[in-house]
Amino acid sequence: MTEPIKAKEPFRFYTRWHLSELLGIKASNLEQLLEHIKGVPGSCIYHHTHRFLQQHQYLSPEPPNDFAYWVREVLGDDELGERLASIDTIQYKTIRSLREKIVETIEKYLKHNPKANLRFAGEDEQFHFIKSVSFIAPTNEAATDLREFAEALRKVTIDSIYFHIFEAHLRLEKGTNDFSNWLDTSLQEKALAEKIAKLDPYTYTLDGLRKTILKIVEKRLAA
Amino acid sequence: MVHINDYIPIVGQSTIDDLKLLAERLKGKVIQHVNSTSVGGGVAEILNRMVPLLGELGVDSRWDLIKGGSQFFDVTKKFHNALHGRPEDITDHDLEIFMETTETNLGLMNTYGDVVFIHDPQPIGLIKKKAGNKWLWRCHIDVSHPHKKVWDFLMSFIPNYDAAVFSSPIFSQRLPIRQYLISPSIDPLSDKNKELPQEVIDAALAKYNIVKDKPIITQISRFDRLKDPSGVIDAYLQVKRYIDCQLILAGGTATDDPEGIQVLAEVQEKAKKDKDIHVLLLPQDDILINALQRASDVIVQKSLKEGFGLTVAEALWKAKPIVASHVGGISLQVKHKFSGLMCHSIEGAAFAIKQLLNNPEYAKKLGENGRQHIKNNFLLTRHLKEYMLLFLSLYHPEDIVYL
């Protein structure tokens, strides 16, 4: 086993916490849902497409977004629920494009199934729009080589994993994740970076994602 | 005394490290909590633990109480019921009584905090003292269908706050100020939730002459109409036709709840025909509550309205199968058929209890899932984190904050 290459720039692990802000906006049927999805802030679309990742870790990979869950469980519309659930979030580099896809999916469905709009949620089961306020801060963990990287990865919270994978990928409109970016540019670990970038993080629990990335890194370390 | 590092075995070192990181950002700020009671009810319970832990993390956090006489608390109890949507005759005289006590407290209380954190409607009028500091109003009540007169009255104060906090999205209203969603929490190390040896559980049953010779169904709640103890008895009687079981209805009263004694008397009257119904007016003894929950086979929370329903989180933390009403914050804690069973009626509650008693493996699985859900989302450490973020948000209006 050779000594791991030292990076010029250390990888500083950040963490991110979020606070849910209630917008006081609600929807009872598909038309209202659609109208508000078009108008709410991007941080609201982000919240409803990413909340499940953190709150229902043990349910993963079942409910990928709140819109799909509400349409299926509350409005009882299985078909549209499935269409919304199967939107491949990882394909969308920006919240804007993800929002457009959600809007297009609902509009298309309503066009072919106008009666779907006649389903109403009960007063206590309306869809409530919420947005995420994100707080980003550096942690005390940093890595200058692959071994230190693996060590820190074991220690940081799932919030930190979340920040470097999801927040970086989508909300901050970076095309890749922070881990792959650093591994590629600072350690010249192109193949390793690609392997991590190829994972579909939306189909893992956050702890499962940590374990998977660790396994890939450990395999490289042992090579 | 419990210390912040005592939570490491439950939530992990990195979670506690995060709390310390956040607390550093609040150095120099004084957080002043204000409510109306130091004992009884979920708010006092949370503050009793949260204030010292915030202090240990390095956040100067203090807690003050407003003063009020019985007339004032009668009015605020009416407010409470009315905000929960119960028909109440709110008179102008009630509002006058409220304002008189508010004026007295405005004269007595020093609102010295950099952040003044007002809990529930009782001290809401203190906002009149707002100077250059930040003010938060924390609503612990289900205000999804509030009584218009009371809500309009509260709205004469709310817009002057910097932000409001609710426990569930369904309580949110269109407000001219920012409003945040923060669920309350339970403390896994408190007397109410910590692990107990079997002999303590047995002793609790023995104390009230309860023999565990048949399944125990339990509702732990204040004696309050909104908790529907009478409906729980009706549901139990429907179950009893098919399954020999017993019912424990246990709870105390809060110092700001004058109606409790009357409700207790009604429940005792209704229960006296059946020797298997145990109505227990408990002293303030959290270990006893913990023991009764752990001794139970099914825990019920059949509230008609609920701010959040911390008793549900307590039961789930003990991996108990639960039957709970689809109201307030309960729906955030229980995912139907996954971490418990939800009901909308007495008949629905009875059916769910029968399902759980007749299928112990299913009941066990629901309880285990429930415990995991509480661990991930409803422990005190998450609550501490969100409160610190809330305080920070008062100084950062943007959606992405770099600390």
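Letters A, B, ... are given to chains in the order of the sequence lines, protein chains preceding strands, and every chain is numbered from 1.
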Distance-minimising heavy-atom pair for [X] and [Y]:
X: B:Q179; Y: A:L23; answer: NE2-C, 4.3 Å
X: A:V133; Y: B:R178; answer: CG2-NH2, 3.7 Å
X: B:R25; Y: A:A137; answer: NH2-CB, 4.2 Å
X: B:S172; Y: A:K26; answer: O-NZ, 4.5 Å
X: A:K131; Y: B:D399; answer: NZ-OD1, 2.9 Å

Could you tell me which portion of [X] (side chain, backbone, both or neither) has an atom closer than 4.5 angstrom to a non-hydrogen atom of chain A?
X: B:H145; value: side chain
X: B:S393; value: both
X: B:Q13; value: neither
X: B:L175; value: neither

Taking atom [atom1] as the centre, does [X] end up with more than 12 heavy-atom neighbours from other residues, nucleotides or ligands that are less than 6.0 angstrom away?
X: A:E31; atom1: CD; answer: no
X: A:R220; atom1: CZ; answer: no
X: A:E218; atom1: CD; answer: yes

### Query
side chain to side chain contact (heavy atoms under 4.5 Å, CB included) with A:I37: which residues, sequence neighbours excluded?
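Listed in chain order: A:L33, A:I45, A:F67, A:R99, A:I102, A:V103, A:I106, A:F129.
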To the nearest 0.5 Å, tell me how far [X] [atom1] sits from [Y] [atom2].
X: B:E386; Y: A:F135; atom1: CD; atom2: CZ; answer: 10.5 Å
X: A:T15; Y: B:D18; atom1: OG1; atom2: CG; answer: 4.5 Å
X: B:L21; Y: A:N140; atom1: CG; atom2: CG; answer: 5.5 Å
X: A:E73; Y: B:H336; atom1: CD; atom2: NE2; answer: 10.0 Å
X: A:I25; Y: B:R174; atom1: CD1; atom2: CZ; answer: 5.0 Å
X: B:L390; Y: A:E21; atom1: CG; atom2: CD; answer: 10.5 Å

### Message
Heavy-atom pairs under 4.5 Å with chain A: which of B:V165, B:L403, B:T15 has the most?
### Response
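Looking at each of B:V165, B:L403, B:T15 in turn, B:L403 comes out on top.
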### Task
Using side-chain contact (heavy atoms from CB on, under 4.5 Å) as the criterion, point out the one residue from B:V401, B:L392, B:I182 that pairs with A:L19.
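Among the candidates, only B:I182 passes.
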Go through the atoms of [X] and report whether side chain, backbone, both or neither lie under 4.5 Å from a heavy atom of chain B.
X: A:I130; answer: side chain
X: A:T157; answer: both
X: A:Q126; answer: neither

### Task
Side-chain contact test, heavy atoms from C-beta onward, threshold under 4.5 Å: evaluate it for A:D159 versus B:K385 and give yes or no.
yes
### Query
Do B:D17 and A:T139 have side chains that get closer than 4.5 Å, going by heavy atoms?
no
